[in-house]
There are 2 protein chains.
Amino acid sequence: MQGFVGDHVKWKRFHLGGCVGGWAAEQEVALAGVTIKDVAAAAGVGVATVSRVLSGTGSVSAATRDRVQAAAAALGYRPSALGRSLKTQRTGGIGLIVPDAADPFCAEFIAGVLETARTENCHVLLDASGDDPAVEAEIVDRFAQQRVDGVIAMPVLGDAGAWNGLARLGVSVVFAGRVPEGLSGMPAVLADEAGGVRTAVEYLMGLGHRRIAHLDGDASLGGARERRAAFRSTLEERGLVPDEGLLVRARPSADAAYAAAAGLFQSRPDLTAIVAGGHRLGEAAVLAARELTLRIPADVSVVVVDDVPWAELCDPPLTVVSRPARALGERACELLLRAPARRPGRPVVLPTELMVRASCGPVTASFRPGRSR
Amino acid sequence: MQGFVGDHVKWKRFHLGGCVGGWAAEQEVALAGVTIKDVAAAAGVGVATVSRVLSGTGSVSAATRDRVQAAAAALGYRPSALGRSLKTQRTGGIGLIVPDAADPFCAEFIAGVLETARTENCHVLLDASGDDPAVEAEIVDRFAQQRVDGVIAMPVLGDAGAWNGLARLGVSVVFAGRVPEGLSGMPAVLADEAGGVRTAVEYLMGLGHRRIAHLDGDASLGGARERRAAFRSTLEERGLVPDEGLLVRARPSADAAYAAAAGLFQSRPDLTAIVAGGHRLGEAAVLAARELTLRIPADVSVVVVDDVPWAELCDPPLTVVSRPARALGERACELLLRAPARRPGRPVVLPTELMVRASCGPVTASFRPGRSR
DNA sequence: CGACACATTGGAAACGTATCCATTCGGATC
DNA sequence: GATCCGAATGGATACGTTTCCAATGTGTCG
C-alpha cells in the first residue's frame with residue numbers, strides 16, 4: 001500500500017474541488033457513493049475482478065487480491081446490498097411480524113429469531129401488527145415489496161389470502177406460536193399448549209382441587225383454543241364434568257382481562273384453583289385476587305400458562321407453565337432457512353414445562369365464605 | 001376489466017408451457033417476477049407511464065391510469081423496493097440497534113420506534129448487540145451495506161470510530177437512552193436520569209432516610225454515570241456526605257446484580273433505603289432483601305429507576321422512577337426523520353416520573369438488628 | 001514445436017426501477 | 001391558418017452489483 005495512491009488511484013471524483021488541506025493525511029476516505037467501479041479503478045483492475053475478490057468466488061492471483069483489498073479498505077468501500085440483491089434475487093432479509101413488540105413473550109421470541117438470524121447471516125425486518133388483520137396485511141405487502149427471502153409471523157386470524165399470496169410469490173412463510181384457522185397445513189412451530197394445560201390441571205387435581213377455573217383469551221388467538229380443549233379433555237378423562245361457569249374467556253385488553261378475572265372470583269366463590277392462559281390474564285387473576293383479599297395459595301391456587309421473568313418476584317412466586325418463547329424464535333428461523341422444500345408436514349411442537357413455585361397449595365378443609373357483599 | 005386479458009395482455013411468459021387447466025379462471029395470477037415491464041405490456045403502455053401512475057407523479061390521462069391500475073392488480077404486481085431504492089438512493093429503512101430485544105425497557109423502546117416508523121412509511125431493521133462493541137460494529141456495517149437511511153441505537157461504549165464512519169457515509173444516527181463517552185455532540189434522546197434520581201432521593205429523605213444506598217451498573221452504560229452523579233449531588237446539596245460504602249456498582253449479569261445487592265445488605269445492615277438503577281438491579285435488590293428476610297418497606301425502602309409492567313404485581317408494589325421507554329423510541333424516530341440538518345445541539349431529554357406505590361416507608365424508630373450471623 | 005488445458009482477467013449484459021428528454025397531439029390564441 | 005403551449009407518453013439511461021463469456025497468457029503433454 002506504500003505509494004499506492006500515486007500509482008493507481010484515478011482521482012476522478014474524490015478530489016471534490018480543491019484540496020481542503022489536511023485531509024490528505026487521512027487515509028480512510030469513506031465518502032458516500034464509493035462504488036465497485038471506484039475500487040476497480042483504484043486497484044487498476046476490472047469490476048469483475050473486484051467482485052470476485054470481495055465475494056471470494058472464482059480465481060484471482062494473490063497479488064491482485066491484495067491490491068483490490070487494499071484499495072477497498074483505503075476507500076472505505078461498502079458493497080451495496082441493493083445492487084447485489086437486485087442481481088442475485090436474494091436479499092438475505094427475513095420479515096418478522098409479531099402482535100406487539102413490547103409484550104414479554106413476543107420480545108423473547110424476537111430475541112430468539114435475531115440470534116439465529118445472525119448466525120445465518122440474515123437481517124431482520126420487524127413490524128408489529130397490533131393483532132389487526134388490516135395492519136398485518138399491510139406489513140406483509142411491505143415485506144413483499146422489500147423482497148424479503150422469508151417471513152416469520154405470529155399471525156392474526158382471518159387473512160388467509162395475504163399469506164397464500166406471499167407463498168405463491170415465492171416467499172416462504174413460517175408461523176410461530178399460533179396458526180390461523182384455515183391454514184393448518186403451513187409450516188409452523190408451536191408450543192405444546194395442550195400438554196402444558198394438561199400438566200397444570202393434573203397437578204392441581206393432584207393437590208385435591210376439583211373446582212378449577214380456566215381463564216383464557218377469546219377466539220383462537222394465541223393457542224387459547226388448544227388450551228381450552230386440553231382443559232376440558234383432561235377433566236373429562238379424570239371423570240369430572242367441566243363446569244361451564246368456570247370457563248371464562250376475555251378479550252385481549254388489560255381492562256377486559258381484569259374484569260373477567262374479578263367477575264369470575266365474585267360469581268364463583270366456590271372455585272379453589274384457576275388456570276390462566278397468557279401472562280396478561282395471569283396478571284389480572286393475581287391482581288383481582290389481591291383486590292378481593294383472596295390469599296394465594298391459601299384461598300385460591302393459581303397457575304399461569306406463560307412464563308415471565310418476574311414470576312418469581314411475585315408474591316407468592318408464581319407456578320407457571322413455561323412456554324419456550326426464545327426457542328420458538330430460534331426454531332422458526334431455522335425452519336425458514338433450512339427447510340429443504342415446501343413440505344406441508346405437521347407443525348413443529350416444542351415442549352412446555354411446569355415450573356412449580358409457590359402459588360399452588362392443597363385444598364384447605366375450611367370452606368372460605370362467599371363474597372362479602 | 002371486462003375482456004381485459006384478451007385485449008391487451010401479451011402472454012409472453014405467463015403461459016408457462018401449456019395451459020394447466022382451470023387456473024385461467026383465477027384472475028389474480030401473482031407469479032413471482034412480475035415486473036413493471038410486464039404491467040406496461042399488459043396495459044399497452046410504456047414503463048415510464050406505469051411508473052408515473054403507480055408513484056402518482058407526473059400527468060397521466062384518467063383512461064390510461066385506470067388501464068394501468070387494472071393491469072397491475074390483475075398481474076398481482078408488487079413494485080420491487082430494490083429497483084426503486086437503487087434508483088432513488090433512498091431505501092426508507094431505518095436500522096435499530098438495542099443491547100437486548102428481550103429486555104422490557106428495550107422492548108418498549110422498540111415498540112415506540114415501530115409505531116412512529118409506521119406513520120412515517122419506513123421499515124425497521126432490528127438487531128441486538130448484546131452490549132458487545134464488536135457485535136455492534138458488525139451490525140452497523142451490515143446496516144450500512146443495506147443502505148438504511150438512518151440508524152437509531154442504544155449504543156455500547158467505546159466504538160466511536162464506527163459511528164463516525166456511518167455519519168461520514170451520509171447515514172444519520174440518533175442515539176437513544178445513552179451516549180458513548182466521546183460522542184456527546186451527536187443527536188440523542190435521553191431520559192432525565194439525573195432528575196429521576198434526584199426526585200427519588202429527595203422523596204426518601206423526606207421520609208426521614210439518611211443512610212441511602214445506591215446500586216447501579218458499572219461504567220457509564222445506560223445512564224449509570226448520570227444517576228450516580230445525581231445521587232451524590234442531591235445528598236451533598238442537602239448537607240449529607242455520600243457514604244462511599246453505600247455506593248455499589250455491579251456488572252450487568254443477573255448473578256452479579258444479585259451478588260452485589262446481597263453483599264450490600266449484609267455488609268451494611270444500617271442502611272434504611274436503596275435506590276436501584278435499572279430493573280435488573282431492582283429485581284436483585286428485592287430478591288436479596290426477601291432472601292435475607294428484610295421486610296419492604298418496614299426494614300428497607302426500595303426505589304427502582306425503571307418502570308416495568310410488573311412493578312405493581314410485586315409485593316409490595318414497587319415505587320419506581322418511570323423512564324419513558326416508548327416515548328424515547330418515538331422521539332428518536334422523529335428526530336431521525338425530521339431533523340432538518342445535522343445539528344449538533346443538545347440532546348433531547350424526556351422527563352421521568354416518580355410513581356409512588358408501596359415499597360417506601362418512613363424510617364422506623366426501632367433499630368433493626370444487624371445481620372443474624 | 002504444436003496443441004491443449006487451465007488460470008487469470010475484463011467487457012458487457014442483466015436485475016427493476018425512476019426520471020430526463022424528446023416526441024406527439026389537441027386545442028387555443030393571434 | 002399558422003403558431004404556440006401544455007398535456008400525455010415512450011425511449012433511453014443510470015443506479016451498483018454479479019456473472020457469463022471471450023480473450024489473454026502460462027504451463028504441460030504428446
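A, B, ... follow the sequence lines: proteins, then strands. Residue 1 opens every chain.
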Euclidean distance, atom [atom1] of residue [X] to atom [atom2] of [N] [Å, nearest integer]:
| X | N | atom1 | atom2 | result |
| --- | --- | --- | --- | --- |
| R65(B) | dA7(D) | CZ | P | 14 Å |
| R90(B) | dA18(C) | CZ | P | 13 Å |
| K87(A) | dT17(D) | NZ | P | 14 Å |
| L82(B) | dT17(D) | CG | P | 14 Å |
| D38(A) | dA14(D) | CG | P | 16 Å |
| L86(B) | dT17(C) | CG | C1' | 8 Å |
| I36(B) | dT19(C) | CD1 | P | 11 Å |
| R52(B) | dA7(D) | CZ | C1' | 11 Å |

Which nucleotide, [options], lies nearest any side-chain atom of [X]?
| X | options | answer |
| --- | --- | --- |
| A48(A) | dA13(C), dG10(D), dG11(C) | dG11(C) |
| S59(A) | dT8(C), dG11(C), dT17(C) | dT8(C) |
| Y77(B) | dT17(D), dA12(C), dT17(C) | dT17(C) |

Contact nearer the 5' end of DNA chain D, comparing V45(B) with S51(A)
V45(B)
Which part of the nucleic acid, if any, lies within contact of [X], taking any heavy atom under 4.0 Å across all strands shown: a base, the sugar-phosphate backbone alone, or nothing?
| X | result |
| --- | --- |
| S80(A) | sugar-phosphate |
| G46(A) | sugar-phosphate |
| T57(B) | nothing |

Step by step, would you call D131(B) with R178(B) a salt bridge (Lys or Arg N to Asp or Glu O under 4.0 Å)?
CA-CA 12 Å; D131(B) 268 333; R178(B) 56 197 198 188; 2.5 Å; yes
Enclosure of R142(B) CZ (heavy-atom neighbours >12, cutoff 6.0 Å):
yes
Is there a side chain to side chain contact (heavy atoms under 4.5 Å, CB included) between R147(B) and R78(A)? Walk through the geometry before answering.
CA-CA 10 Å; R147(B) 297 293 189 265; R78(A) 317 223 199 186; 4.1 Å; yes
Could you state the interatomic distance from CG (L96(B)) to SG (C333(B)), rounded to the nearest 0.5 Å?
8.5 Å
Would you say [X] reaches [N]'s phosphate, i.e. side-chain N/O to OP1/OP2 under 4.0 Å?
| X | N | result |
| --- | --- | --- |
| Q89(A) | dA14(C) | no |
| S61(B) | dT9(D) | yes |
| T88(A) | dT19(D) | no |
| T49(A) | dG10(C) | yes |

Donor-acceptor pair present, R147(B) side chain and dG16(D) base, under 3.5 Å:
no
Which pair of non-hydrogen atoms, one from P99(B) and one from S129(B), has the smallest distance, and what is that distance?
CA-OG, 3.5 Å
